[in-house]
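Input: a single structure, listed below in structure tokens.
Below, chains carry the letters A, B, ... as their sequence lines are ordered, and counting in each starts from 1.
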2 protein chains.
Amino acid sequence: MAARNKEQDKPRDPRASLALLWGEQEQPTRGPKPKLSPQRIAAAAVELADGEGLDAVSMSKVAGGFGVSAMALYRYVPGKGELVELMVEAVLAEGPDLSGVPGGDWRAGVREWARRCARVYAAHPWLLGATAMRRHVMGPQQLRWLDAALAALEPTGLGAAQRHQVFLLLVGLVRNLAQQVSDYDEEQDREWNRLTGELLARHADRFPALTKAIAEGAFEPAGLDPLEFGLDRILDGVEALIAGRE
Amino acid sequence: MAARNKEQDKPRDPRASLALLWGEQEQPTRGPKPKLSPQRIAAAAVELADGEGLDAVSMSKVAGGFGVSAMALYRYVPGKGELVELMVEAVLAEGPDLSGVPGGDWRAGVREWARRCARVYAAHPWLLGATAMRRHVMGPQQLRWLDAALAALEPTGLGAAQRHQVFLLLVGLVRNLAQQVSDYDEEQDREWNRLTGELLARHADRFPALTKAIAEGAFEPAGLDPLEFGLDRILDGVEALIAGRE
DNA sequence: ACCAACTGTATATACCGTAAACACAACTGC
DNA sequence: GCAGTTGTGTTTACGGTATATACAGTTGGT
């Protein structure tokens with residue numbers, strides 16, 4: 001175990017962050033040619049995180065990949081927090097063109113959006129931890145995804161505030177799912193189930209509903225795709241909302 | 001900024017964790033009287049986390065609160081990961097008796113469960129980060145909440161696997177909500193909105209749906225309670241599922 | 001040519017979690 | 001009562017982390 005960053009405790013100038021994320025900073029003409037760029041650094045960090053997890057992303061390791069010292073990175077990035085923001089933007093940029101689905105079928109559109117979003121999280125499990133950091137600033141790519149979701153929701157005829165709420169619900173669904181998946185570990189899971197099963201059997205009276213549910217196979221691998229299940233529930237809920245307004 | 005723990009990279013014996021969480025370890029009779037106990041340590045850590053955030057919980061600070069050295073804690077707790085697990089159990093234990101709501105109204109029961117769960121997260125914002133750690137082991141208090149949720153869902157007549165899925169949806173809702181709330185910071189939020197607003201105005205063509213939604217006031221403080229809104233959607237979705245099965 | 005601006009490095013600080021070796025205290029068996 | 005064993009708390013040390021600061025080297029504009 002190493003130490004946990006207090007990623008959020010230094011003020012982190014939002015102006016600087018935004019300039020970085022939107023690529024809106026005039027680059028100088030005077031000094032030596034820079035070897036690196038915020039984007040190249042972020043890309044290297046992403047590669048590292050994809051391979052070894054977010055915790056493996058340290059200034060020193062990232063810098064090492066370029067053969068420069070850790071402090072060199074601070075010429076391009078104000079701090080690690082901002083680097084992570086850049087990483088998020090980088091992987092969010094990978095996503096395809098998010099222009100809506102052809103027809104006026106909002107359910108299909110929203111579903112497709114959620115699937116694509118889930119795919120990004122699946123490809124980069126560390127995204128979850130990276131965006132869980134407090135007070136992060138939205139960059140253009142995050143806004144792009146937000147925009148796409150809102151666009152997909154326009155045909156619902158819901159008000160703006162409600163569309164926003166539904167969007168939050170959808171991101172939440174995808175993120176929770178990603179959480180569960182990233183937590184999963186075949187071997188360890190089996191071990192856990194075994195041990196907890198024993199304990200539970202010994203205290204069955206304290207957990208009647210749980211005991212019954214387990215007996216009925218609630219925790220078997222199950223053919224249910226959690227994403228589709230969640231989407232179905234939420235979309236049905238939204239449909240009910242639309243119906244109720246008329 | 002300090003360093004980020006790789007909380008999960010040391011094996012962390014599940015047997016030991018479970019014994020700790022269930023309080024099933026025979027205590028010795030030989031040596032000197034211990035001054036501390038896993039529970040007292042966890043309680044102190046919770047207090048610290050409540051006051052200064054999860055990142056403020058370091059072995060050294062917790063130990064300092066008892067006037068002992070950091071290493072003393074390792075006599076009671078295998079490591080920091082396990083300490084955090086104990087913290088989670090501690091705050092989850094605070095929750096009231098979760099016995100279901102009287103009538104056969106499953107919606108009311110589930111709603112009440114979610115509200116209580118949300119209240120715990122609101123009281124201890126660090127819970128989110130604490131349970132986000134990978135591979136955590138469920139203790140009895142976590143099982144108690146799970147049991148209560150499953151019990152509340154029994155009157156729906158849904159299958160065990162589906163009840164489980166709905167449970168996951170509900171926890172997800174509460175957690176995402178907690179995330180949003182804990183991210184919120186009046187001052188900083190205003191600043192962010194201002195700066196991002198400028199940038200967005202300059203790129204309005206790239207984000208048409210978002211621009212429109214903002215114009216319609218989608219991001220105003222809004223009278224919508226996100227928890228109730230989310231619950232309404234999900235419960236309606238579940239109701240549709242029940243109806244569809246008949 | 002000079003100087004200002006810029007890049008990268010080396011060094012140092014202040015944390016973090018925790019392994020290892022140790023001194024002491026208290027109970028068990030004699 | 002005494003010895004031995006076992007558990008407690010401390011000290012020290014190690015390898016990590018982010019990053020502040022002071023410096024050396026490079027480059028372009030003047």
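Using a 4.0 Å heavy-atom cutoff across all strands shown, Met71(B) reaches at least one base atom of the nucleic acid.
Rounded to whole Å, atom P of dC14(D) lies 21 Å from atom CE of Met59(B). Between the CG atom of Asp55(A) and the P atom of dC16(C) there is a distance of 17 Å, rounded to whole Å. If you take CZ of Phe66(A) and P of dT7(C), they are 15 Å apart, rounded to a whole angstrom. To the nearest angstrom, P of dA20(D) lies 15 Å from NZ of Lys80(A). Rounded to whole angstrom, the span from the CZ atom of Arg75(B) across to the P atom of dC22(C) amounts to 14 Å. For the pair Leu36(B) CG and dT10(D) C1', the interatomic distance rounds to 14 Å; values are reported in whole Å. The CD atom of Gln27(B) sits 14 Å away from the P atom of dC27(C) (whole-angstrom rounding). In this structure, Lys35(A) places its NZ atom 11 Å from C1' of dT26(D), rounding to the nearest Å.
Between His164(A) atom NE2 and Phe219(B) atom CZ the span is 4.0 Å, to the nearest 0.5 Å. We find the CG-CD distance between Leu227(B) and Gln165(A) to be 10.5 Å, quoted to the nearest 0.5 Å.
With hydrogens and angles ignored, no donor-acceptor pair closer than 3.5 Å exists between the side chain of Arg30(B) and the base of dG7(D).
In summary, the side chains of Arg175(B) and Thr131(B) do present a donor paired with an acceptor at a separation below 3.5 Å, with no hydrogens or angles considered.
Here Lys61(A) does not reach the OP1 or OP2 of dG16(D): none of its side-chain N or O atoms lies under 4.0 Å away. Put simply, Lys33(B) has no side-chain N or O that comes within less than 4.0 Å of OP1 or OP2 on dG7(D). Checking the phosphate oxygens (OP1, OP2) of dG9(D), a side-chain nitrogen or oxygen of Tyr76(B) falls inside 4.0 Å. Phosphate proximity of dC6(C) to Thr29(A): absent, as no side-chain N or O sits under 4.0 Å from OP1 or OP2. Taking only side-chain nitrogens and oxygens, Ser69(B) never comes nearer than 4.0 Å to OP1 or OP2 of dT11(D).
Looking at which nucleotide of DNA chain D each of Leu73(B) and Pro32(B) is closest to, the 5′-most match is held by Pro32(B). Between Val68(A) and Pro78(B), it is Val68(A) whose nearest contact on DNA chain C lies nearer the 5' terminus.
The side chain of Ser60(B) lies closest to dC16(C), out of dC16(C), dT10(D), dT9(C). Distances from the side chain of Ser58(A) to the nucleotides dG28(D), dG8(C), dA18(D) place dA18(D) closest.
Remark: the backbone N or O of Ser17(B) is not paired with any side-chain donor or acceptor of Glu82(B) at under 3.5 angstrom.
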Quick one, Glu24(B) with Arg202(A), criterion salt bridge (charged side-chain N to carboxylate O under 4.0 Å, His left out). Give me CA distance, side-chain angles, the key distance, then yes/no. CA-CA 12 Å; Glu24(B) 293 202 337; Arg202(A) 218 167 338 136; 2.9 Å; yes
